[in-house]
Number of protein chains: 2
Amino acid sequence: MVGEDEKRSVFGDQAGSVELLWGGRERPSRGPRPALSLELITRTAIALADAGGLGAVSMQRVAGELDFTKMSLYRYVPGKNELVALMIDSAMGEPPQLPGGWRNGLRAWAETLTAVYHRHPWLLGAATGPRVMGPNELGWTEAAVAALADTGLSGGEQLDAVVVVSGHVRALAQVSASMGLGSARATEPEQVMSAALNELLVGRADRYPAVAAALAATEADAAERDRADEFGLERILDGLEAYMGGSR
Amino acid sequence: MVGEDEKRSVFGDQAGSVELLWGGRERPSRGPRPALSLELITRTAIALADAGGLGAVSMQRVAGELDFTKMSLYRYVPGKNELVALMIDSAMGEPPQLPGGWRNGLRAWAETLTAVYHRHPWLLGAATGPRVMGPNELGWTEAAVAALADTGLSGGEQLDAVVVVSGHVRALAQVSASMGLGSARATEPEQVMSAALNELLVGRADRYPAVAAALAATEADAAERDRADEFGLERILDGLEAYMGGSR
DNA sequence: CAAAAGCGTGTCCGCCGGATACAGTTTCTT
DNA sequence: AAGAAACTGTATCCGGCGGACACGCTTTTG
């Protein structure tokens, strides 16, 4: 009926992204040589996003940055969604080489992923909703799963563990991204969270006693603020380790 | 110099949201009675978002749904960002009453939060980037922190633990939201992830051996698929429990 | 009974993603 | 060699978006 590809299957709307991300695009032989390239367009778009967030990326601006009309971009990319998909996979970059030992490996994985989110904060907002994984993104997953391959965890458990760790990294990067809020420009996630929470809690401590107490305790003890980002990850790793030890 | 409020401080752009979310808006006494209300507008916008995602929410559509012009909405809301902030806090709703015991409490907290994300999938995309917490959202945090109050965890650790758990819930809901992809409409997060991954991995198992192996193992063993969502949370709780036991 | 304040509307603007038609360039086929 | 075919970048146009602004109308206050 639908005389197209039979490539739809699981990917309904996203067939275009799948082709762009995974398909081997061969240059057609006729017609003039393209003046642009997917890589160049993607790189330019990423630069714009790094500088001004995802909102600063429009077809017009990307094209303008390259001294082309916006419509020329549509010769390379079917639409903006597909461009964003390319941006995501390109910004992720090659997955890291991990040190041996699942715990060290996963920790290094989390750290490099954190660095990626720090470098491209817009990834936090772009990677939401139904999406297609690109080669690099799947490569990151591969690296993390590979680190867990010999732990005795089942296949599903390995995947779940990766989801947990990556979710935690995301969550922490999210908090850290709130740094862009005021003029304070604190560097530690918790400091910002503290500042924002503190301001809201002024005169409302009775309504939110537990948060207020936790916050007050945090401010009194400056030492613990340094290990803020490590705490969560180590707890997760502890939980995995305990499970592996108990069920193997 | 800036003859406005002295309320900016940490909240640069978001002052409007802060006022709307937290400020006691008193009705001015002069002028005609407002035909609309913040609550009604917010509710309408949420209904649109529930039905068609965040993208379906525009000032025009919200106003149209209420048989008003879009500009009338600006008498109640300074801009769309502020409306979205209201939507988020309203959609979160009142925080749940948690059962006793930190572990049971946190588990129940995670479950109800999951239900919220399931009811309003657009929350996953809306709550990204620098944001201001609303009363309800802070209430959720309060509930979770309160559950951890007597565990011996320090204030900062309590906050971190909540970040970890909520991050995990978000991550899992994110995977679960990908259900909207194809025609399969699977109900279990992992099944969808499996389906999408499988399709990509066809003929590429050599490039992603660990993921392929994990996936193959998952498909062979149907039993473990059921506890997919619990696994991560239980590992996190295990890690917290071990830490509490060791450091108290 | 004004004056003031607030409400809803109509008009206008710039920007966005995208469809379509078109002219120029390159390559393949005859 | 000469079309024909395929591909390039461009110009024009569209509907929808968030939002600024000016206006007429309604209600309360002096």
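Side-chain atoms are counted along with the backbone in the values below, which use heavy atoms only and exclude waters and symmetry mates. All of these numbers come straight from a predicted model, not from anything done at the bench.
Judged by distance alone, with hydrogens and angles left aside, B:Arg75 brings a side-chain donor or acceptor within reach of the base of C:dG8, the pair sitting under 3.5 Å.
Residue B:Ser58 places none of its side-chain N or O atoms closer than 4.0 Å to OP1 or OP2 of D:dG16. OP1 or OP2 of D:dG9 sits under 4.0 Å from a side-chain N or O of A:Tyr76.
Between the CD atom of A:Gln60 and the P atom of D:dC17 there is a distance of 17 Å, given to the nearest Å. Between the CG atom of A:Leu40 and the P atom of D:dG9 there is a distance of 11 Å, given to the nearest Å. One can place CG of B:Leu66 at 11 Å from P of C:dT9, the figure rounded to the nearest angstrom. As rounded to whole Å, 5 Å separates atom P of C:dA5 from atom CZ of B:Arg30. In this entry the distance linking CE of B:Met71 with P of D:dC23 reads 15 Å, nearest Å. If you measure from atom CG of B:Asp67 to atom P of C:dG8, you get 13 Å, rounded to the nearest angstrom. Atom pair B:Tyr74:OH and D:dA20:P shows a separation of 8 Å (rounding to whole Å applied). Between the P atom of C:dC13 and the NZ atom of B:Lys70 lies a distance of 14 Å, rounded to the nearest Å.
Counting heavy atoms from C-beta on, the side chains of B:Tyr208 and A:Thr141 never come closer than 4.5 Å.
Formation of a donor-acceptor pair under 3.5 Å by the B:Arg170 side chain with backbone atoms of B:Leu124 is found in this model. Of the possible polar contacts, one joining the A:Asn136 side chain to the A:Asp89 backbone as a donor-acceptor pair under 3.5 Å is found. The backbone N or O of A:Pro135 sits nowhere less than 3.5 Å from a side-chain atom of A:Trp140 that would complete a donor-acceptor pair. No donor-acceptor pair closer than 3.5 Å links the side chain of B:Ser90 to the backbone N or O of B:Leu86. B:Lys70 contributes no side-chain N or O that, together with a main-chain N or O of B:Val62, makes up a donor-acceptor pair within less than 3.5 Å.
Residues A:Glu142 and B:Arg207 are not paired through a salt bridge, judged by the lack of any N-O separation under 4.0 Å between the basic side chain and the carboxylate.
You'll find that the side chain of B:Met59 is closest to D:dG18, out of D:dG18, D:dA11, D:dA4. Nearest to the side-chain atoms of B:Phe68 among the listed nucleotides C:dG8, C:dG18, D:dG19 stands C:dG8. Nearest nucleotide to the side chain of B:Thr69, out of C:dG8, C:dC16, D:dA11: C:dG8.
Against DNA chain D, the stretch residues 80-90 of chain A makes no heavy-atom approach under 4.0 Å.
Between B:Arg61 and B:Pro32, it is B:Arg61 whose nearest contact on DNA chain D lies nearer the 5' terminus. Taking for each of B:Gly31 and B:Ser72 the nucleotide of DNA chain C with the nearest heavy atom, the 5'-most of the two is the partner of B:Gly31. Remark on DNA chain D: of its neighbouring residues A:Pro34 and B:Arg33, the 5'-side contact belongs to A:Pro34, judged by nearest-heavy-atom nucleotide.
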